[in-house]
Amino acid sequence: MKLERTKNATRNIIFGIILKLYQMLLPFVMRTAMIYFMGMKYLGLSSLFTSILQVLNLAELGVGSAMVYSMYKPIVEDDRETICALMRLYRLYYRIIGAVVAILGVILLPFLPQLVKVDTVPKGISIYILYLLNLGATVLSYWLFAYKNSLLNAHQRTDVVSKITLGTNTLMYLFQFLVLALLHNYYLYVIVKLITQAITNITTAVAVDKMYPNYKPGGKLDIGAIKQINHRVRDLFTAKLGGVILNAADTIVISAFLGLTDLAVYQNYYFILTSVIGIVSVVFGACTAGIGNSLIVDTSEKNFLDFETFSLIIAWVSGFCSCCMLCLFQPFMKLWVGSKYLLPMSAVVCFVIYYFIYEINQLFNIYKDAAGIWHEDRFRPLITAAANLIMNIILVQFYGIYGVLLSTVIATLGIGMPWLLHNLFTSVFNKRYLPEYLRMLLFYAVITGISCLISYRICVLIDLSDLGNLIIRALICCIVPNVIYLAAYHKTSVFGRSVRLIDKMTKGKLNLSSKFKLG
């Protein structure tokens, strides 16, 4: 089966961005409702349980990524028998995973008080009951037809999941808001989330059955194929373990050492940052299956040119977002939660640096996953995460939240990114391209730094009311960095390829090639 890579990616991007905007705005409303109806500490509780459950989800071991990768070739060859056998194996794995998560979750119960400053927990709240409710939602996500998502991911039809999630989440947020506003009951708030998870999984399963009626779990893979999949899963374990520690360690360390209120303040900033990450990641998430397909059918030179093209696009987009966050974070937070809950500007700078590094690193990870080089990359995430955790525990005691942010930046920039780049250019691309690519990457980073500095220096000259200050700064951020990027990049060959790709994805509606006279 020939995948319509550009068409599918475009469709996934459109619906994915709609979903991400929705998932950014509605949770923002819910966080605001939580602050005003319940208090800041409840936000800390929610963040803490999310991070703990991320650790429990290690039981997933990267099975999802391994199985989707295993489907790329059978889909290209229209091998229905192999796809059905993979679905059967996937279903078995997820049933086992759900049981493992449930057992580990119960075992963790006695240790909950060590993960949160007990004197910061709201009165009348049992962290055990809340934890079990959140655990139930996670277990249901595995047991209720989760394996069927593999077909949508491998066929580049994640737009279907986006549409379903839009519908079910609308109901969830509506009921959760009513629970907070009228009943002030945090337990019911979490129960609504559990029910929504079940409805989403069931609805997605029904949609998959209608779209792919010929694919049903059945048949058996040969022993060699199963061993190969299990080998990928083992390699993915360290990547998943490292990723979880890197993402969850900050939250758990802040909760244990600083308390729920400080965690909630940190998470207000992190919520905005991850919302922006989510929108940008739609572009690359929508293209992952297409990249995997391209790595199979296209030449190494063609794939490297595509890699360069994506690098410029992500550098431009993430650079623009970095400028916006640097200039808008503080005035926005002041309007939203008040001056009392502002972090120092030094912490904001760390957030912005971390964001830019994360986005570039995300592109590398997408190519790693699409190429399936998990074995070569198996130790990097774990060592990066271990370094981050050690620095977290040490620096948080001297510098608080600033120390937590700084340790994450140092671990990612000093260990994670260089190692991952080495693995990519050893296993996927020709190593002779690496010096050229590093120079290009350094150029993007310098231009981003210059654009951020100039934009911020202009913004600090603005002295208006809080709302007026935010609006004028936003206008400056929309103009200044994009003018700088256009001046810096427009004469490069990569810019021309990027413009042509965007025109292809938008079916020429933007007609950028003509505007820039690319021919």
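The environment of Ile223 atom CD1 is sparse: at most 12 non-hydrogen atoms of other residues, nucleotides or ligands sit within 6.0 angstrom. Around atom CD of Glu81, no more than 12 heavy atoms belonging to other residues, nucleotides or ligands sit under 6.0 Å away.
For Phe351 and Tyr266, the distance between ring centers is under 6.0 angstrom. Phe307 has its ring centre less than 6.0 Å from the ring centre of Tyr437. For Tyr94 and Tyr90, the distance between ring centers is under 6.0 angstrom.
Between Tyr173 and Leu178, the closest side-chain pair of non-hydrogen atoms is not below 4.5 Å. Using a 4.5 Å heavy-atom cutoff, the side chains of Thr82 and Leu86 are in contact. The closest side-chain heavy-atom distance from Asn388 to Asp250 is below 4.5 Å. Contact check for Arg80 versus Cys84: side-chain heavy atoms found under the 4.5 Å cut-off. Between Ile125 and Tyr42 there is a side-chain heavy-atom pair separated by less than 4.5 Å.
Every pair passing side chain to side chain donor-acceptor pair (under 3.5 Å) that includes a residue from residues 194-203 is listed here, sequence neighbours excluded: Thr168-Thr200, Gln197-Asn201.
Once rounded to the nearest 0.5 Å, the distance linking OH of Tyr131 with OG of Ser126 reads 13.0 Å. For the atom pair Ile127 CD1 and Leu132 CG, the distance stands at 10.5 Å (nearest 0.5 Å).
Residues passing the ring-ring contact (aromatic ring centres under 6.0 Å, His included) test with Tyr189 are Tyr186, sequence neighbours excluded.
No cation-pi contact links Arg95 to Tyr142, judged by a cut-off of 6.0 Å to the six-membered ring centre and 45° from its axis.
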Atom pairs and distances, side-chain donor-acceptor, residues 207-214, under 3.5 Å, sequence neighbours left out:
residue: Asp209; atom: OD1; partner: Lys148; partner atom: NZ; Å: 2.9
residue: Asp209; atom: OD2; partner: Lys148; partner atom: NZ; Å: 2.9

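Side-chain N or O atoms of Ser255 include none that pairs as donor or acceptor with a backbone N or O of Thr251 at under 3.5 Å.
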